[in-house]
Amino acid sequence: MPCPRKGRHPIGPDLTGAGKNGIRYFLENIIDPNAVVGADFQMTTVETKQGDMISGLVINETPAAVTIRTTAGETVVAKADLAQRNPSENSLMPEGLLESLTDREQLELLKFLTSN
């Protein structure tokens, strides 16, 4: 049975100091987030035998259970309770992120991300 834990739940990479990678790094990852998805950020969807669907990052796995981090927290699912497990080729970062922003907002976002 899933057991959520309370607290802080980072679901994406730590961007501290990522500005050293340059603006191209951010543009490539924001414009086409599914082009290259690192193994640490590959989303997995599991379905339990009870019919619950859980999507997130697998952060721990033992012979008996798998721990999945979602935006709501961490959930431990016993392997005996798993009906299906499917890794996704898609990033958790939504596509079209910049489309909802004005040109000025896009510029401000990129300036913020590349600042130290």
Side-chain angles (χ1 to χ4, degrees):
M1 186 140 223
C3 305
R5 292 189 334 197
K6 295 181 180 177
R8 199 167 163 222
H9 310 287
I11 196 82
D14 180 4
L15 296 177
T16 306
K20 70 181 181 294
N21 294 320
I23 198 159
R24 182 180 178 141
Y25 169 82
F26 288 108
L27 287 174
E28 289 173 348
N29 286 285
I30 291 171
I31 292 171
D32 190 4
N34 297 320
V36 177
V37 180
D40 290 343
F41 300 105
Q42 183 177 32
M43 185 172 71
T44 297
T45 299
V46 298
E47 181 180 355
T48 67
K49 292 179 180 175
Q50 296 78 24
D52 295 324
M53 299 288 282
I54 305 162
S55 294
L57 303 177
V58 175
I59 59 166
N60 190 35
E61 185 167 354
T62 67
V66 62
T67 304
I68 300 172
R69 178 175 290 147
T70 69
T71 56
E74 293 177 8
T75 302
V76 178
V77 180
K79 287 190 176 176
D81 292 336
L82 288 178
Q84 278 191 7
R85 177 178 175 172
N86 299 308
S88 174
E89 295 178 9
N90 294 328
S91 170
L92 289 171
M93 181 181 288
E95 290 184 351
L97 180 66
L98 294 178
E99 294 169 11
S100 65
L101 302 176
T102 66
D103 289 346
R104 182 68 185 171
E105 290 170 329
Q106 290 177 23
L107 179 61
E108 292 298 323
L109 174 63
L110 293 173
K111 282 174 42 180
F112 172 76
L113 291 172
T114 57
S115 66
N116 290 328

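Just so we're clear, the structure is a prediction, and the values are computed from it rather than from any experiment. Hydrogens, waters and symmetry mates play no part in the numbers below; they use all other heavy atoms, side chains included.
Although no hydrogens or angles enter the test, the distance criterion places a donor-acceptor pair under 3.5 Å between the side chain of K49 and the main chain of A80. Side-chain atoms of Q106 come within 3.5 Å of backbone N or O of L101 as a donor-acceptor pair.
Shown here are the side chain to side chain donor-acceptor pair (under 3.5 Å) partners of D32, two or more places apart in sequence or in another chain: there are none.
Between the OG1 atom of T44 and the CD atom of Q84 there is a distance of 13.0 Å, given to the nearest 0.5 Å. Interatomic distance, CD of Q50 versus CE of M53, reported as 13.0 Å (0.5 Å rounding). Note: K111 NZ to L109 CG = 11.5 Å, rounded to the nearest 0.5 Å. Expressed to the nearest 0.5 Å, how far OG1 of T75 lies from CZ of R69 amounts to 11.0 Å. Atom CG of residue N90 and atom CD of residue E95 lie 6.5 Å apart, to the nearest 0.5 angstrom. Between N60 atom CG and I68 atom CD1 the span is 11.0 Å, to the nearest 0.5 Å.
S55 pairs in a side chain to side chain donor-acceptor pair (under 3.5 Å) with only one of the listed residues (T45, T71, T70), which is T45.
The hydrophobic clustering, which links ILVMFWY residues whose side-chain heavy atoms are closer than 4.5 Å, places L107 and I31 apart.
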